[in-house]
A.B. asks: 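A single structure is presented below for examination.
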There are 2 protein chains.
Amino acid sequence: MTTRDPRATALARLAALVADETRATCLLALLDRRAWTAGELARHAGVAASTLSEHLGRLVAGGLLTEERQGRHRYVRLADARVAQLVEDLAAQVAPDRAARPRNLRESSAGSALARGRTCYDHLAGRLGIAVTDALTDRGLLVQETGFALTDAGLAWFEAAGIGLDRRGRRPLARACLDWTERRPHLAGVAGAALCRHALEAGWCVRIGSERAVKVTAAGERAMSDLLGVAPAALR
Amino acid sequence: MTTRDPRATALARLAALVADETRATCLLALLDRRAWTAGELARHAGVAASTLSEHLGRLVAGGLLTEERQGRHRYVRLADARVAQLVEDLAAQVAPDRAARPRNLRESSAGSALARGRTCYDHLAGRLGIAVTDALTDRGLLVQETGFALTDAGLAWFEAAGIGLDRRGRRPLARACLDWTERRPHLAGVAGAALCRHALEAGWCVRIGSERAVKVTAAGERAMSDLLGVAPAALR
DNA sequence: CGGACACTTCGGCGACGGCCGAAGGGTCCG
DNA sequence: CGGACCCTTCGGCCGTCGCCGAAGTGTCCG
């Protein structure tokens, strides 16, 4: 008899948190980086409030979610970018084939705003995210061929654009996140988050609806054309 | 009632494959990239052969493992580098704190060969993997500060060393893999695999025991010192 | 203060999954 | 050909987990 690898125990325990469809539904929903109330998630997942309460208890205890109680509401959100990355990675592993397939009219029109531009936890995704990532690459600010990293010119570009990059933490400056509508990597990590935050703060994009869909404004088209050479058509 | 996100179903199904301690034990063992027989895994995990047979059935059906039948043996291995990366990522997520802590004498001496150098699926890991990755970085062949990518000089270095890089597949050329003894990223991806293969073929390293531990040879010390400026002391 | 609301706890139910040993089939070897 | 070996299938057991509704706690608001 071999002694059990403690890593196996921990690995199984972590996976078990995701291995339930209701909890997986919650984790995917929480990728929008908003804080959801328990009731919202229960309605979203289609289960009773009591059921969802237990799920949240597990997810919080397992460190995947953090909670804030405000009055009679319990708000939860993904614990950190690391957890978001984990969920994204798992989702990308699992979804690699079903994308880019045209569905029926209602779904495709409902999904088109999301496909055009959205946030993926804290960075830009969808065609918008791809367009920005490609533009950075075309201009020599980002390399994708030999890995995934900002170049020196890329660092200078962020500096010149007034987008600060916090390089102290352990989080990687640039990281590839696989887009599940476009099936291609887009910029995540510190730089992806900073760019997304700047785009929203500077009015380049605005959120539409209560979803994580975002729309590029006229000012945003100008800014991205000027700073990155992104053709406005690539954003539509 | 909301219609269930099909991604949630697939996500939960994938996670469920890892969410069992016996299966997790198998997946971690298979990270050595060897093909194990069902019986070996059963003994390793400490369960009956019949039990393990069912686990293998699930893992194969789920696409995490591939099998080859030879005579009365059933050999299984991880399906591809993508699955290996998934397991590594999950394991890294779960183990980030317990490393670098000195344990009792028997464990630390038994583990020291593994900590010194080993393979992690198809690339070098342990202190050896870190030393090589750091040396590449110090010489400007690899950037880690702004992401993780080979530089042009790095591509030339591989070329000059006669280590071919297959750039056709979708697999990234360079990718960071978090080391669970060193808690630092080391080189994985196509370049990491090519380097590891070359090191073994050229006799820079030899496998020791039946484990995934590797030892640097005298010739390997010379080669790494000449080509990368790795001080031999860093490998011990 | 009372009622509406959000969430949690509890009991109970049903399903699923992991485990084993026994039995069976395929393969190798003497 | 016979026996050893490796694996798989099957039946049965048991524990865990997801689910619900009912009841309880705490909060907000009129």
Side-chain angles (χ1 to χ4, degrees), chain A residues 1-2 4-5 8-30 34-62 64-77, chain B residues 1-2 4-5 8-30 34-62 64-77:
Chain A
M1 160 141 16
T2 317
R4 255 313 202 273
D5 187 342
T9 309
L11 184 55
R13 209 190 310 265
L14 171 63
L17 290 176
V18 190
D20 173 81
E21 189 169 346
T22 299
R23 286 194 295 265
T25 301
C26 294
L27 290 171
L28 288 173
L30 287 163
R34 284 177 24 223
W36 291 55
T37 68
E40 285 170 338
L41 286 172
R43 280 187 297 279
H44 178 71
V47 297
S50 58
T51 300
L52 203 111
S53 177
E54 294 175 6
H55 286 309
L56 291 188
R58 282 170 187 267
L59 290 170
V60 170
L64 296 192
L65 303 186
T66 55
E67 64 182 9
E68 301 165 45
R69 311 242 175 184
Q70 280 182 22
R72 50 187 169 182
H73 293 283
R74 177 194 205 177
Y75 288 97
V76 293
R77 53 172 76 233
Chain B
M1 164 137 19
T2 318
R4 256 312 203 276
D5 186 342
T9 309
L11 184 55
R13 209 188 312 263
L14 170 63
L17 290 176
V18 189
D20 172 80
E21 189 169 346
T22 298
R23 286 195 294 266
T25 301
C26 295
L27 291 171
L28 288 173
L30 288 163
R34 284 178 23 224
W36 292 54
T37 68
E40 286 171 336
L41 285 172
R43 280 187 297 278
H44 178 70
V47 297
S50 58
T51 300
L52 202 110
S53 178
E54 293 176 6
H55 286 309
L56 291 187
R58 282 171 187 268
L59 290 170
V60 170
L64 296 192
L65 303 186
T66 56
E67 65 183 7
E68 302 165 44
R69 312 242 177 184
Q70 280 182 22
R72 50 187 168 182
H73 292 282
R74 178 194 205 177
Y75 288 96
V76 292
R77 55 172 74 234

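Please read these numbers as outputs of a predicted model, since none were measured by experiment. We use all heavy atoms of the structure for the numbers below, so side chains are in, but hydrogens, waters and symmetry mates are not. Naming: A, B, ... by sequence-line order, numbering from 1 per chain.
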A.B. asks: NE2/A:His73 to OG1/A:Thr37 distance, rounded to the nearest 0.5 angstrom?
C.D. replies: 6.5 Å

A.B. asks: In whole Å, I'd like the distance from the CG atom of A:Asp20 to the P atom of C:dA15.
C.D. replies: 17 Å

A.B. asks: In Å and rounded to the nearest 0.5 Å, what is the CD to OH distance from A:Gln70 to A:Tyr75?
C.D. replies: 5.5 Å

A.B. asks: Which residues, if any, of residues 9-19 of chain A bring a heavy atom under 4.0 Å of DNA chain C?
C.D. replies: none

A.B. asks: OP1 or OP2 of D:dT8 sitting under 4.0 Å from any side-chain N/O of B:Arg69?
C.D. replies: yes

A.B. asks: Measure CD/A:Glu21 against P/D:dC17 and give the value in whole Å, please.
C.D. replies: 18 Å

A.B. asks: Look at the side chain of A:Arg23 and the backbone N and O of A:Ala16, then say whether any donor-acceptor pair between them is shorter than 3.5 Å.
C.D. replies: yes

A.B. asks: Between P on C:dA6 and CG on A:Leu52, what's the gap in Å once rounded to a whole number?
C.D. replies: 14 Å

A.B. asks: Can you check the A:Arg58 CZ to D:dG18 C1' distance for me, whole Å?
C.D. replies: 9 Å

A.B. asks: Between the base of D:dG21 and the side chain of A:Ser50, is there a donor-acceptor distance below 3.5 Å?
C.D. replies: yes

A.B. asks: With sugar-phosphate meaning primed atoms plus P, OP1 and OP2, does A:Ala49 contact a base, only sugar-phosphate, or nothing at under 4.0 Å between heavy atoms?
C.D. replies: base

A.B. asks: Answer yes or no: is there a donor N or O on one side and an acceptor on the other, between the side chain of A:Ser53 and the main chain of A:Ala49, under 3.5 Å?
C.D. replies: no

A.B. asks: Less than 4.0 angstrom between a side-chain N/O of B:Thr51 and OP1 or OP2 of C:dG18, yes or no?
C.D. replies: no

A.B. asks: For the side chain of A:Glu54 and the backbone of A:Thr51, is there at least one donor-acceptor N/O pair under 3.5 Å apart?
C.D. replies: no

A.B. asks: Less than 3.5 Å between a donor and an acceptor, one on the side chain of B:Arg74 and one on the base of D:dC7, is that the case here?
C.D. replies: no

A.B. asks: On the nucleotide D:dG18, are OP1 or OP2 found under 4.0 Å from the side-chain N or O atoms that A:Arg23 carries?
C.D. replies: yes

A.B. asks: Does OP1 or OP2 of D:dC19 have a side-chain N or O of A:Thr22 closer than 4.0 Å?
C.D. replies: yes

A.B. asks: Could you state the atom-to-atom distance from CD of B:Glu40 to C1' of D:dC5 in whole Å?
C.D. replies: 14 Å

A.B. asks: Side chain to side chain contact (heavy atoms under 4.5 Å, CB included) with A:Val76: which of A:Thr66, A:Leu41, A:Leu59?
C.D. replies: A:Leu41

A.B. asks: Provide, to the nearest angstrom, the distance between the CD atom belonging to B:Glu54 and the P atom belonging to D:dT9.
C.D. replies: 9 Å

A.B. asks: Could you check how far OH of B:Tyr75 sits from P of D:dT8, rounded to whole Å?
C.D. replies: 13 Å

A.B. asks: Separation of A:His73 atom NE2 from D:dT27 atom P, in whole Å?
C.D. replies: 13 Å

A.B. asks: On the nucleotide C:dC19, are OP1 or OP2 found under 4.0 Å from the side-chain N or O atoms that B:His55 carries?
C.D. replies: yes

A.B. asks: When rounded to the nearest 0.5 angstrom, what distance separates CD in A:Glu40 from CG in A:Leu30?
C.D. replies: 10.0 Å

